[in-house]
Trainee: 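One structure coming up, written as structure tokens, with questions to follow.
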Amino acid sequence: MDFMDKHGKKIECKISYIPVSLCGYPTKDLILAAVYGFGKDPMLLLTNLKMADRKKLCMIAA
């Protein structure tokens with residue numbers, strides 16, 4: 001995905017995601033999204049959005 005930063009510079013990002021669970025909440029369906037391209041290290045986002053909402057997840061990551 002391509003984004004524009006606040007200075008108008010194009011940033012090329014890649015987003016990957018996997019289903020995860022937390023020990024304290026084993027019945028919660030969670031998704032861990034990794035966003036590459038905003039910095040040296042990937043940005044990690046934890047969400048309860050369903051995998052079917054991939055476009056929504058990508059827009060939130062932006």
Trainee: Are any non-hydrogen side-chain atoms of V20 and L46 less than 4.5 angstrom apart?
Mentor: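 Counting from C-beta outward, V20 and L46 do come under 4.5 Å.
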
Trainee: Under the side chain to side chain contact (heavy atoms under 4.5 Å, CB included) rule, collect the residues that match up with K6, sequence neighbours excluded.
Mentor: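 K6 satisfies side chain to side chain contact (heavy atoms under 4.5 Å, CB included) with no residue once adjacent residues are dropped.
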
Trainee: Got a sec, which pairs hit salt bridge (charged side-chain N to carboxylate O under 4.0 Å, His left out) with one end in residues 10-38, sequence neighbours left out?
Mentor: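 Passing the test, one end in residues 10-38: D2-K10.
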
Trainee: Say you draw a straight line from CG of L45 to CD1 of I15; how long is it, rounded to the nearest 0.5 Å?
Mentor: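 Between L45 CG and I15 CD1, I get 8.5 Å after rounding to 0.5 Å.
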
Trainee: Would you indicate whether the side-chain heavy atoms of L44 and L32 approach each other to under 4.5 Å?
Mentor: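 Yes, their side chains come closer than 4.5 Å.
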
Trainee: Do Y36 and I31 sit in the same hydrophobic cluster, where Ile, Leu, Val, Met, Phe, Trp and Tyr count as joined when their side-chain heavy atoms come under 4.5 Å apart?
Mentor: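 Unlinked, Y36 and I31 end up in two clusters.
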
Trainee: Which heavy-atom pair separates Y17 from A33 by the least distance, and what is that distance?
Mentor: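 That closest heavy-atom pairing would be CB-CA, 4.0 Å.
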
Trainee: If every non-hydrogen atom of V35 is compared with every non-hydrogen atom of C13, which pair is closest and at what distance?
Mentor: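 V35 and C13 have their closest heavy atoms at CG1-CB, 4.4 Å.
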
